[in-house]
Amino acid sequence: MAPRSVPPSAHVRDSRPDPSERADGPRPIGRRAVLAGAVGAGLTAGLVGCAPEAATGKGDTGEVASSGVELPTYTPYGDVTPDLPGDPTQGIPAAYFHYPEITEMEGIPLPQTEPYSFLAQGTVTGEPKPGNPWYDKFAEDMGNQFNLISGGWAEYRDKFAVTIAGDDLPDLVMIEQVPQLPRLLEAKFHDLSPYLSGDNVQQYAGLASLPTAVWGVSSLAGGLWGVTRPTVALSGQINVWSDDMEELGLDPDPAPADGAEYLEMLKTMTSDGKFALGADPVITVLGPSLMMCGAPNEWRRNEDGSFTHAFETDEYLRALEVSAEIWAAGVLHPDSITNPDAKSGWFNEGITRGLYQGFSAYGYTTVNHRTRRLSHIQLPKWDGDGAADPFRGAGGYPSFTAISKTASEDRVRELLEIMNYIAAPFGTRQFLTGEYGVEGVHYTLDGNDPVNIPETRSKDMLSGLGYAGRQSLYDVYVPGYDDVAERMHAMAADSLPRSVPDDSRGLFSETWASKSTTLLPRIKDLQLAIIRGREKPSAWTELIESKWLPEVGDPSRDELQAADQEEH
């Protein structure tokens, strides 16, 4: 399918989101607002949600977001020296082999204030309450009891909608990407620009130490609407165990030269009742194939200012054909479609030898398997001539935490102090409390390195608070595994400078926000049918041209191009 180019006339270490409108309804937005990517959830890398670009990295200061608001001035915290320094211009994280000397954040514990409530994603088995040692330590440090209202990722959108529809909002709310989002924010939440933009953030040392790019997630409609947790801006990687690869006669740090060599490697990994991969093939096969075939990361802005979506391109069609070839080779677990959530279990149990997962999971998987060394496959361009350019992922978790407009100015400052505590920098005791719990109860120290006590940690863990700025998903820290930390750092240093952004980020389209998911079930059914050889690739062209373009693609393109033209 030839790329469709329309002249510019009118036209996202555990871890996953629209600017001015007239009173009589939405209009195309001309001012850029770095969005949370979830408006296109499911349309990049098959059906994998997108997240905001992190083009600026951790060291830029005084930057003005294209939405018009000055971003918080980045200020490093303390004098912690990394073993492998990051690159602030590229968003490359620093790496630490050991936890540094543990320091205390100034002003902790905070003064006693009224209890607060927080609606967030998470998996809480019962409400966290006093008596839970981890809760009690949080409450002591925050000077505050709190009510964490939590829902799992799949159910959170509904819980968010019900809460927003009511009149009694919690103090803190994790914002979902929904149509008419700018109007919702202006009506029900505080613009935090007066408190956090530019040098105003300096009174909150933890928030000031967040990477600059993370603020793009909550910067839109001319305001700064919240805080989220920073992440490394990579879409993911296929991890493998080094010892597995060596036993099979393969490179422990595999870097196949082209698609044919990549496929042969997957075939070699499929032996002795084991499989190379096992997960939803739209994600774990089509996703990497899109990068290997050079497809756009969602929307591509062409030299003439027109926009082309990945669905419309020859590269996407080629990636579907490549995915069908990989499926036909029998390298995926046979239950990959019917039981995709078993992917981590299969990998941990050695049933599969490769796992496509997020960057932060690289370190967590290593720590959870202390006798093994984790590596990753460097994906090639399918036709050879070097490594594939990866898709640029999130610079921050796509759903940010906002403060209810019912809060007074004094209350806003109290809540910002709480989020400042949650965003405790690496090297502090407060960072350890947020990520590891209470020393002697949930972890012990080996030197300065925390060692989990799994039973109590899993029993007492409070899921959800971290979305308000916790920094544990950004810098690389895999204690006892210097070689893995080096691999992760090298991967980020190599990949981020050449990563492919989604050129629509920062441009709002109401059609995209409201209709981009309408055809997803039909699209995914067809993707799977083509991958499994049950439909011809020509069926893809027919669906895109007859349904997706007129109903979603072309109207979105018109709005994006109009918005982009205003910017330029």
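A donor atom on one side chain and an acceptor atom on the other are found under 3.5 Å apart for Asp449 and Tyr477.
Note: Phe359 and Tyr362 have perpendicular aromatic rings, judged against thresholds of 30 and 60 degrees for the angle between ring planes. Ring orientation note: the planes of Tyr436 and Phe431 are tilted relative to one another, at an angle of 30° to 60°.
A donor-acceptor contact shorter than 3.5 Å is absent between the side chain of Asp258 and the backbone of Asp385. Panel note: side chain Thr73, backbone Gly198; a donor-acceptor pair is recorded below 3.5 Å. In this structure, Arg487 contributes its side chain and Asp482 its backbone to no donor-acceptor pair below 3.5 Å. Of the possible donor and acceptor atoms, one in the side chain of Thr231 sits under 3.5 Å from a partner among the backbone N and O of Gly396. Formation of a donor-acceptor pair under 3.5 Å by the Ser336 side chain with backbone atoms of His333 is found in this model. Judged by distance alone, with hydrogens and angles left aside, the side-chain atoms of Thr313 form no donor-acceptor pair with the main-chain N or O of His309 at under 3.5 Å. A donor-acceptor contact shorter than 3.5 Å is absent between the side chain of Ser219 and the backbone of Trp215. The backbone N or O of Ala95 lies less than 3.5 Å from no partner atom in the side chain of Asp475, so there is not a single donor-acceptor pair. Checked by atom type and distance alone, the side chain of Arg470 pairs as donor or acceptor with a backbone atom of Gly434 at under 3.5 Å. Between the side chain of Asn348 and the backbone N or O of Ser344, at least one donor-acceptor pair lies under 3.5 Å.
Between Met269 and Ala276, the shortest heavy-atom contact is CB-CB, 3.8 Å. When every heavy atom of Leu496 is checked against every heavy atom of Gly91, the shortest pair comes out as CD1-O, 3.4 Å. In plain terms, the two heavy atoms of Ile102 and Leu432 that are nearest each other are CD1-CD1, 3.6 Å.
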* To do: Evaluate salt bridge (charged side-chain N to carboxylate O under 4.0 Å, His left out) for Glu315 paired with Arg318, printing each intermediate quantity in order.
  => CA-CA 5 Å; Glu315 294 93 339; Arg318 177 81 187 285; over 6 Å; no
* To do: Would you please test Ser242 and Met245 for side chain to side chain contact (heavy atoms under 4.5 Å, CB included) and show each step?
  => CA-CA 5 Å; Ser242 295; Met245 303 303 280; 5.9 Å; no
* To do: For Phe275 and Trp346, run ring pair (Phe, Tyr, Trp, His ring centres under 6.0 Å): C-alpha distance rounded to whole Å, both residues' side-chain angles, the deciding distance at 0.1 Å, then the answer.
  => CA-CA 9 Å; Phe275 298 89; Trp346 291 335; 8.5 Å; no
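Aromatic ring centres of Trp299 and Trp512: separated by under 6.0 Å. Aromatic ring centres of Tyr99 and Phe426: separated by under 6.0 Å.
Residue Thr308 holds its OG1 atom at 15.0 Å from OH of Tyr316, rounded to the nearest 0.5 Å. Remark: Asp244 CG to Leu374 CG distance equals 10.5 Å, nearest 0.5 Å.
Arg392 and Asp502 are not joined by a salt bridge, as no carboxylate oxygen comes within less than 4.0 angstrom of a charged side-chain nitrogen.
Partners of Asp251 by side chain to side chain donor-acceptor pair (under 3.5 Å), not counting sequence neighbours: none found. In terms of the side chain to side chain contact (heavy atoms under 4.5 Å, CB included) criterion, residue partners of Ala279 (sequence neighbours excluded) are, by chain and number, Thr284, Lys343.
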